[in-house]
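Take a look at the structure set out below.
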Amino acid sequence: QLQASGGGLVQTGGSLRLSCKVSGINFRLFPVGWYRQAPGRQRDMVATIETDHSRNYTDSVKGRFTISRDNVRRNVYLQMNSLKPEDTAVYYCKITSHKDYWGRGTQVTVSS
């Protein structure tokens with residue numbers, strides 16, 4: 001199971017930190033990531049982190065968002081700074097073992 005939290009309403013330029021708790025999977029062995037889906041749009045990758053902690057970001061969040069993982073606590077985090085209205089979306093965490101496991105989303109709304 002994956003349980004995401006930390007979303008909310010924030011003004012442009014503000015910050016939020018998303019957390020995703022992973023259970024039932026050997027967390028340290030698999031890559032994890034954050035994805036988002038805005039209304040009427042497809043779900044897109046935001047950031048991923050591999051087991052060696054190498055990271056990948058979509059271009060629009062580079063320099064503003066940071067993904068990290070804590071293998072002891074079995075959490076993956078997304079620190080989001082300098083938020084923009086276009087970051088408004090439902091954010092989902094995913095872990096990929098032999099298949100993809102998704103958490104329920106958490107809503108992030110950035111007001112202008």
Side-chain angles (χ1 to χ4, degrees):
Q1 287 185 336
L2 289 79
Q3 186 169 2
S5 61
L9 173 63
V10 64
Q11 291 185 334
T12 296
S15 297
L16 285 172
R17 188 190 193 213
L18 305 184
S19 299
C20 180
K21 177 74 173 181
V22 180
S23 60
I25 297 173
N26 197 337
F27 178 78
R28 66 178 66 243
L29 297 182
F30 304 111
V32 292
W34 288 96
Y35 297 73
R36 65 187 179 187
Q37 187 167 19
R41 302 190 66 175
Q42 67 180 19
R43 190 175 298 185
D44 292 323
M45 186 276 288
V46 176
T48 60
I49 184 166
E50 301 293 330
T51 55
D52 63 358
H53 294 257
S54 60
R55 297 166 172 85
N56 187 41
Y57 297 95
T58 191
D59 286 346
S60 63
V61 308
K62 287 179 180 177
R64 301 189 297 122
F65 290 12
T66 303
I67 189 171
S68 60
R69 63 188 296 162
D70 183 333
N71 288 339
V72 174
R73 291 181 173 82
R74 304 164 68 90
N75 280 351
V76 57
Y77 305 101
L78 186 68
Q79 178 65 43
M80 305 186 294
N81 299 328
S82 302
L83 282 160
K84 304 175 181 181
E86 51 264 44
D87 295 318
T88 295
V90 178
Y91 284 70
Y92 299 88
C93 54
K94 184 185 81 170
I95 187 168
T96 300
S97 58
H98 64 284
K99 68 174 186 178
D100 292 338
Y101 293 90
W102 292 91
R104 291 186 179 182
T106 184
Q107 176 71 47
V108 171
T109 303
V110 185
S111 64
S112 57

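No experiment lies behind these values; they were computed from the predicted model shown.
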**Asked** Quick one: ring pair (Phe, Tyr, Trp, His ring centres under 6.0 Å) partners of Tyr77, sequence neighbours excluded?
**Response** none
**Prompt:** Got a sec, which residues hit side-chain hydrogen bond (donor to acceptor under 3.5 Å, both in side chains) with Arg36, two or more places apart in sequence or on another chain?
**Reply:** Ser60, Asp87, Tyr91
**Item:** Qualifying residues under salt bridge (charged side-chain N to carboxylate O under 4.0 Å, His left out), relative to Asp52, sequence neighbours excluded
**Value:** none
**Message:** Counting C-beta onward and ignoring hydrogens, is there a side-chain heavy-atom pair between Val46 and Met80 closer than 4.5 Å?
**Reply:** no
**Message:** Test of understanding: with side-chain hydrogen bond (donor to acceptor under 3.5 Å, both in side chains), list the residues that count as partners of Thr109, not counting sequence neighbours.
**Reply:** Gln107
Per-pair distances, 0.1 Å, donor-acceptor, side chain in residues 8-27, under 3.5 Å, sequence neighbours excluded:
residue, atom, partner, partner atom, Å
Thr12, OG1, Ser111, O, 2.7
Ser15, OG, Asn81, OD1, 2.9
Lys21, NZ, Arg73, O, 2.6

**Asked** Which pairs with one or both residues in residues 25-76 pass disulfide (SG to SG under 2.5 Å), sequence neighbours excluded?
**Response** none
**Asked** Can you name the residues that form a side-chain hydrogen bond (donor to acceptor under 3.5 Å, both in side chains) with Thr96, not counting sequence neighbours?
**Response** Asp100
**Request:** With sequence neighbours left out, write down each residue that passes side-chain hydrogen bond (donor to acceptor under 3.5 Å, both in side chains) with Gln42, or none if nothing qualifies.
**Result:** Asp44
**Message:** For residues 30-53, which residue pairs pass the ring pair (Phe, Tyr, Trp, His ring centres under 6.0 Å) check, not counting sequence neighbours?
**Reply:** Tyr35-Trp102
**Pairs flagged by disulfide (SG to SG under 2.5 Å) wherever residues 30-92 is involved - sequence neighbours left out** = none
**Fill in**
With sequence neighbours left out, the residues meeting salt bridge (charged side-chain N to carboxylate O under 4.0 Å, His left out) with Lys99 are none
**Item:** Gap between atom CZ of Arg104 and atom CD of Gln1 - 0.5 Å precision
**Value:** 9.0 Å
**Prompt:** For Gln3, which residues count as a side chain to side chain contact (heavy atoms under 4.5 Å, CB included) partner, sequence neighbours excluded?
**Reply:** none
**Asked** What distance do Ser68 atom OG and Ile49 atom CD1 have between them, rounded to the nearest 0.5 Å?
**Response** 6.5 Å
